[in-house]
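Heavy atoms only: backbone and side chains are in, while hydrogens, waters and symmetry mates are out. The structure presented is a predicted model; accordingly, all values stated were derived computationally and were not measured. FYI, the numbering just counts along the sequence from 1. Counting convention: from 1, in listed order, for ligands and their atoms alike.
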Amino acid sequence: MTETAFTPRVFSGIKPSGGLQLGNYLGAIKRFVGMQGEMETVYCVVDLHAITVWQDPAELASATREVAAGYLAAGLDPTKSILFNQSQVSAHAELGWIFNCVARVGWMNRMTQFKDKAGANAEKVSLGLYAYPSLMAADILLYHATHVPVGEDQKQHVELTRDIAAKFNHDYKQDFFPITEPVTEGPATRIMNLRDGTKKMSKSGESDMERINMTDKAEVIAKKFKKAKTDPEPLPETVEGLAGRPEARNLVDIYAALNDTTPEAVIAEYAGAGWGRFKPALADLAVAKLSPIADEMARLMDDPAEIDRVLADGSARAREIANPILQKTYDIVGLLRS
Ligand code: ATP
Ligand code: MG
C-alpha cells in the first residue's frame with residue numbers, strides 16, 4: 001500500500017510533563033504551526049504519555065493547559081487545526097491496547113529512549129513507560145495520519161508506528177493503516193542541553209540551567225546563554241569547522257532556527273566571532289522571538305476556562321475522526337459489539 005491512498009493528514013503531540021522548553025518550540029510547535037493550511041492538522045497534548053512517570057495531579061492539569069497555551073501563543077489557530085488533550089478521546093487508549101497486542105516485545109526492547117529514560121532503574125519504572133511507543137502509534141494511526149513532524153529523538157518511535165501499521169495490515173490482510181512518514185527537517189531537529197552538548201534539551205531534565213523555558217524572562221534567558229557550556233575557540237569560518245564542537249554547533253543551530261535561516265548563513269555573519277559577541281546576540285534574538293509568545297501564554301493562562309473550551313471543542317472534532325477508525329479496527333479484529 002502506498003501512502004497516497006490516504007488523505008494527507010498531520011498528527012503530532014507534546015507531553016505535559018513540565019514546562020515547554022526551547023527544543024519543543026523549535027523542533028515541534030514552530031514546525032506544527034508552519035504546516036497549518038498545507039494539510040489537515042491534528043495536534044495533541046498527550047497527557048496519557050505524561051503519566052508514564054509520576055505527575056502531581058494538580059500540576060498535570062495546569063501543565064496540560066500550559067502546553068495548550070504554548071501551541072496557541074505560538075500561532076496554532078484552533079479553527080485551522082484540531083487542538084485537544086489525549087485523555088478526552090478515549091479511542092487513543094483503546095487502540096493503544098490493540099497495538100500492544102500487535103507490537104512485539106523485541107521491537108520495544110530496541111527503543112533507545114526507554115533505555116535512556118529508564119537508565120539503571122529499568123525494573124522500577126512503570127510498564128506504561130515501556131509500552132508508550134505503542135500508544136504513540138495509536139495516537140498517530142487513529143487519525144490515519146500520513147505525516148508526523150517530530151524532533152530527531154522521536155524518529156525511532158515513528159518507525160515503530162510504521163512497523164505496527166505494516167504488521168496489522170499484514171496480519172488482518174487489509175490495507176487499513178497508512179505507513180506514516182516522520183518529518184524531521186531544518187536546523188532544530190535536536191536542540192542540545194546547554195550544559196552538556198551530548199544530551200538533548202528536555203522539559204524533564206534535572207537542572208533548569210540546561211534548558212531555556214518558553215516562559216523564561218529576558219534576564220534569565222541572557223544568563224542561561226551566558227553560562228552555556230562552550231569551547232574556548234571563536235566561531236569558525238565555515239560550518240564544517242563546527243564538526244566535533246557540539247556546544248558551538250548547538251548555539252549556531254538555535255540561532256539559525258530562531259531567525260528562520262541556515263547555520264551557513266549564521267556562520268557567514270559571525271565567522272571568527274568570539275562568545276562574548278555571539279552569546280549576547282543569541283540571547284537578544286531569543287528574547288525578541290520568545291517574549292511575545294511568553295506574554296501571550298501568560299495572558300491565556302489567566303483564562304483557563306477559555307483554554308478548556310478550546311480543548312473541549314478540539315476533542316469533539318478529534319472524536320469525529322477517531323471513533324469511526326476505532327470502530328472499523330474493532331470490526332477488522334473481530335471484536336463483537338452486540
Ligand atoms: P520529556 O523530557 O518529558 O520527554 P521533552 O522535552 O522531550 O519532554 P516531549 O513531549 O517528549 O518533550 O516531545 C515533544 C516534541 O518535542 C517531540 O516532537 C520531540 O521530538 C520534540 N523535542 C523535544 N525535545 C527536543 C529537542 N531538544 N530538540 C528538538 N525537538 C525536541
Ligand atoms: Mg521527550
Side-chain angles (χ1 to χ4, degrees), residues 10-35 41-56 59-60 63-64 66-68 70-71 74 76 85-86 111-119 125-126 128-129 132-133 135-136 139-140 145 147-161 180-208 210-216 224 228 246-247 249-258:
V10 174
F11 178 93
S12 203
I14 298 182
K15 270 182 290 172
S17 47
L20 292 168
Q21 45 88 9
L22 185 62
N24 301 137
Y25 175 60
L26 295 175
I29 299 178
K30 190 168 189 249
R31 296 171 51 230
F32 300 174
V33 169
M35 291 173 103
T41 41
V42 183
Y43 296 127
C44 193
V45 185
V46 284
D47 46 7
L48 296 174
H49 288 292
I51 61 166
T52 54
V53 299
W54 171 251
Q55 303 294 334
D56 178 82
E59 281 169 28
L60 178 60
T64 302
E66 191 180 314
V67 173
Y71 276 120
L76 187 143
N85 59 309
Q86 188 186 23
M111 296 298 113
T112 57
Q113 194 179 91
F114 178 76
K115 289 178 201 157
D116 290 348
K117 292 211 169 194
V125 298
S126 74
L129 187 70
Y132 114 75
L135 179 59
M136 177 166 158
D139 301 335
I140 294 167
H147 297 78
V148 181
V150 279
E152 198 65 47
D153 60 302
Q154 288 296 337
K155 226 172 148 179
Q156 194 185 30
H157 295 158
V158 182
E159 276 152 18
L160 181 89
T161 300
T180 307
E181 284 296 324
V183 185
T184 46
E185 56 199 12
T189 56
R190 191 171 173 81
I191 298 297
M192 306 310 279
N193 176 322
L194 297 180
R195 305 315 287 273
D196 178 350
T198 66
K199 284 196 197 139
K200 152 181 126 58
M201 189 182 284
S202 289
K203 295 183 217 100
S204 61
E206 281 150 40
S207 155
D208 197 60
E210 63 187 47
R211 63 182 167 262
I212 304 287
N213 301 301
M214 281 182 73
T215 51
D216 279 345
K224 286 178 176 175
E247 289 86 9
R249 171 89 225 189
N250 188 39
L251 296 184
V252 168
D253 284 346
I254 292 174
Y255 192 106
L258 283 169

List the atom pairs, donor and acceptor, that lie under 3.5 Å between side-chain atoms in residues 11-19 and the rest of the protein, sequence neighbours left out.
from : atom 1 : to   : atom 2 : distance (Å)
S12  : OG     : P149 : O      : 2.8
S17  : OG     : K203 : NZ     : 3.1

Quickly, which of K155, E159, Q154 forms a side-chain hydrogen bond (donor to acceptor under 3.5 Å, both in side chains) with H157? Name it, please.
Q154
Is ligand 1 under 4.0 Å from a heavy atom in the side chain of D153, in the backbone, in both, or in neither?
side chain
G27 to ligand 1: N or O pair under 3.5 Å?
no
Across all chains, not counting sequence neighbours, the ring-ring contact (aromatic ring centres under 6.0 Å, His included) partners of Y255 are Y270, F278
At under 4.0 Å between heavy atoms, what of K203 touches ligand 1? The answer is both
Taking both backbone and side-chain atoms of A28, is any N or O found less than 3.5 Å from an N or O belonging to ligand 1?
no
Answer with side chain, backbone, both or neither: which part of M192 has a heavy atom less than 4.0 angstrom from an atom of ligand 1?
neither
Side chain or backbone, does Q154 bring an N or O within less than 3.5 Å of an N or O on ligand 1?
no
Would you say K115 has more than 12 foreign heavy atoms packed within less than 6.0 Å of its NZ?
yes
Under 3.5 Å, side chain of D196 to main-chain N/O of N193, donor-acceptor pair present?
no
Which one holds for S12 and ligand 1: side chain close, backbone close, both close, or neither close, with close meaning a heavy atom under 4.0 Å?
neither
Atom 18 (O) of ligand 1: which of P182, S204, G151 has the nearest heavy atom?
G151
Considering only heavy atoms, does S202 approach ligand 1 within less than 4.0 Å through its side chain, its backbone, both, or neither?
both
Mind checking whether Y43 and Y71 have parallel, tilted or perpendicular rings, split at 30° and 60°?
parallel
Please lay out, stage by stage, how F114 and Q156 fare under the test side chain to side chain contact (heavy atoms under 4.5 Å, CB included).
CA-CA 11 Å; F114 178 76; Q156 194 185 30; over 6 Å; no
Just going by heavy-atom distances, which of L26, I191, I254 is nearest to atom 28 (N) of ligand 1?
I191
For the 3.5 Å polar cut-off, considering only N or O atoms, please tell me whether K117 and ligand 1 meet it.
yes
Sidechain-backbone polar pair: Q55 side chain, L60 backbone, donor-acceptor under 3.5 Å:
no
How does T189 reach ligand 1, if at all, at less than 4.0 Å between non-hydrogen atoms: by side chain, backbone, both, or neither?
backbone
Kindly identify the option in G23, G13, G18, P149 whose heavy atom sits closest to atom 30 (N) of ligand 1.
G23
Closest to atom 25 (C) of ligand 1 (judged by heavy-atom distance), picking from K200, K155, E152
K200
